[in-house]
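Below: the structure, in structure tokens.
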Protein chains: 2
Amino acid sequence: MDQTAPQKGTVTQRAIEQIKAMIGEGRLEPGQRLPTERDLATQLGISRSSMREAIRALTVMGVLEARHGSGIYVTQLEAGDLLETFGVVADLSRGPRLVELLEVRRVLESTATALAAARITPDQLADVEKHLEAMNATDDPEEILSHDLAFHRTIALAAGNDTMAAILEGLSSRTFRARVWRGYQEEDAFARTRREHARIHRALVARDPEAARAAAAAHVGEVEEWLRAQLDE
Amino acid sequence: MDQTAPQKGTVTQRAIEQIKAMIGEGRLEPGQRLPTERDLATQLGISRSSMREAIRALTVMGVLEARHGSGIYVTQLEAGDLLETFGVVADLSRGPRLVELLEVRRVLESTATALAAARITPDQLADVEKHLEAMNATDDPEEILSHDLAFHRTIALAAGNDTMAAILEGLSSRTFRARVWRGYQEEDAFARTRREHARIHRALVARDPEAARAAAAAHVGEVEEWLRAQLDE
DNA sequence: CAGGCCGTAGTGGTCCGACCACATCTCTGG
DNA sequence: CCAGAGATGTGGTCGGACCACTACGGCCTG
């Protein structure tokens with residue numbers, strides 16, 4: 001009966017798919033500006049409210065970006081944009097799933113660290129050292145955590161796989177780390193963490209991928225094991 | 001000035017954070033039904049339209065689920081629910097990022113296969129064999145792809161880490177595989193893929209994690225290398 | 001002429017109220 | 001006792017109005 005709409009699913013869902021398809025087919029380039037919400041709604045034959053929901057959905061996915069007063073734009077579709085929601089998983093996960101997430105992180109982090117050992121540039125290595133020293137120079141947990149994150153982030157970026165780095169970023173999101181950290185530091189974890197970080201750094205300097213992989217795996221595995229023990233009690 | 005709203009960001013964004021916080025704090029349990037859109041809007045002091053956008057956002061994140069005529073419910077917050085959007089990344093990625101995604105998949109898939117070699121049950125192994133045989137018994141590319149996906153999915157589930165399995169599911173999403181497959185099968189890839197799958201299967205039967213890891217890494221690496229070569233031309 | 005100021009048009013953000021489509025329960029009639 | 005018809009409540013959609021912000025251009029001033 002109708003010329004375009006096969007009428008499957010909700011109107012909003014259809015709009016989401018159509019815009020996604022436009023980008024997939026290359027009709028919308030990264031960075032490009034879309035028509036106004038009102039025009040888009042007219043083109044697809046739906047109301048502005050429904051169109052806004054579709055846009056909101058694509059926005060949280062990191063595909064679109066809405067700038068108040070300016071317009072709607074396609075993001076650069078980089079790994080960081082699209083994998084931002086990954087952090088939500090970590091935030092809402094609890095119990096056994098936290099261990100699973102840590103297991104995934106251990107696998108990826110060890111690989112990324114190994115790659116970094118082979119590819120890291122002097123500049124990046126200097127950055128790593130900067131965060132390492134800053135981390136050892138203070139006792140403020142908040143600051144330590146901040147440099148801890150930057151330490152691993154720099155290494156992940158040095159691995160040369162932005163997608164992997166973006167996933168690791170999500171897995172190490174602030175609240176995630178902070179929550180695990182809270183009870184972890186009760187024991188002698190501070191000193192141990194410093195030793196592990198130093199070990200990772202030495203492997204990077206030595207450009208030894210296998211040592212780097214082992215050090216990173218042990219580092220994450222340490223937390224993982226502790227958390228696993230916590231769950232058993 | 002105000003009693004509740006710190007007035008940061010858009011109203012919708014605030015609503016998203018608030019609902020997310022409610023779940024994070026455990027005030028909303030998985031599977032539980034939320035108040036109606038109208039009530040929620042009233043509670044948070046915003047309009048129903050804005051509340052709907054917030055709900056839509058949380059829906060695409062896999063946190064909430066709206067059932068027409070029934071109500072809004074919190075999902076089980078399982079890995080599959082939350083990582084569904086991961087497939088979108090694969091769908092919209094192109095060029096160098098496809099290689100990066102395959103690299104991530106290679107790392108995770110090889111680990112998952114190694115774990116499966118140690119943990120797979122006889123029932124699961126029978127499933128794997130079923131898909132292996134079905135894959136070899138037909139020439140329909142569509143059917144082959146379907147069993148290929150199921151083959152790896154079963155193995156990933158046997159690894160015992162649902163989160164890892166969910167990520168791999170996203171990375172192997174239908175369109176992603178199909179797109180890479182299209183030109184890949186021009187060469188003698190069919191026979192090679194069969195050999196590789198058989199090799200993975202043998203490693204599982206032998207309960208040899210290292211052999212399984214190597215076989216899986218080679219399997220994914222094969223496609224990865226082909227794609228990398230394609231990009232260079 | 002150069003530069004900054006300000007008005008204005010256009011954009012996304014929010015709100016309202018109405019109606020539709022669907023699921024569920026309830027009440028009725030057999 | 002059960003099945004069907006209805007009533008009720010829910011999410012889904014729509015249209016229009018107004019607000020908040022941005023961007024651009026013309027105006028005014030120095």
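All values derive from a computational prediction rather than experimental measurement. Protein chains get the first letters and strands the later ones, always in sequence-line order, with residue 1 at the start of each.
- Along DNA chain C, read 5' to 3', the first and last nucleotides having any atom under 4.0 Å from a heavy atom of chain B are C:dG13 to C:dA23.
- With salt bridges taken as basic N to acidic carboxylate O contacts below 4.0 Å, one links A:Lys20 and A:Glu17.
- In this structure, B:Arg48 places its CZ atom 12 Å from C1' of D:dG9, rounding to the nearest Å.
- Rounded to whole angstrom, the span from the CD atom of A:Glu53 across to the C1' atom of D:dT13 amounts to 9 Å.
- Going from atom NE2 of A:His68 over to atom C1' of D:dA23 covers 13 Å, rounded to whole Å.
- Among the protein residues, B:Ile72 comes within range of the sugar-phosphate backbone only, with heavy atoms under 4.0 Å from sugar or phosphate atoms but none that close to a base.
- Among the heavy atoms of the strands lying under 4.0 Å from A:Arg52 is at least one base atom, whether or not backbone atoms are also near.
- Between A:Met51 atom CE and D:dC14 atom C1' there is a gap of 14 Å when expressed in whole angstrom units.
- A donor-acceptor pair under 3.5 Å links the side-chain atoms of B:Glu100 to the main chain of A:Thr163, judged by distance alone.
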For residues 66-73 of chain A, dump all side-chain donor-acceptor pairs below 3.5 Å to protein atoms at least two apart in sequence or in another chain.
from: A:Ser70; atom 1: OG; to: A:Tyr73; atom 2: OH; distance (Å): 2.7

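- Nucleic acid contact class of A:Arg67 (heavy atoms, under 4.0 Å, all strands): sugar-phosphate only.
- Contact check, B:Ser70 against D:dG9: no side-chain N or O comes under 4.0 Å of OP1 or OP2.
- Applying the 6.0 Å contact sphere to CD of B:Glu84 captures no more than 12 heavy atoms from other residues, nucleotides or ligands.
- Counting non-hydrogen atoms of other residues, nucleotides and ligands closer than 6.0 Å to CG of B:Asp139 gives a total of 12 or fewer.
- Under 3.5 Å, the side chains of B:Gln13 and B:Thr10 contain no donor-acceptor pair of N or O atoms.
- A:Thr12 contributes no side-chain N or O that forms a donor-acceptor pair with the base of D:dG12 under 3.5 Å.
- Atom CD in B:Glu37 sits roughly 8 Å away from atom C1' in D:dG12 (whole-Å rounding).
- Using a 4.0 Å heavy-atom cutoff across all strands shown, B:Thr10 reaches sugar-phosphate atoms only and no base atom.
- Nearer the 5' end of DNA chain D, as judged by each residue's closest nucleotide, is the contact made by A:Ile46, out of A:Ile46 and A:Tyr73.
- By the 4.0 Å N-to-carboxylate-O rule, B:Asp148 lies close enough to B:Arg177 to be salt-bridged with it.
- Considering only side-chain N and O atoms, A:Ser50 lies under 4.0 angstrom from the phosphate OP1 or OP2 of D:dC14.
- The residue among B:Arg38 and B:Gly69 whose nearest nucleotide of DNA chain C is located toward the 5' end is B:Arg38.
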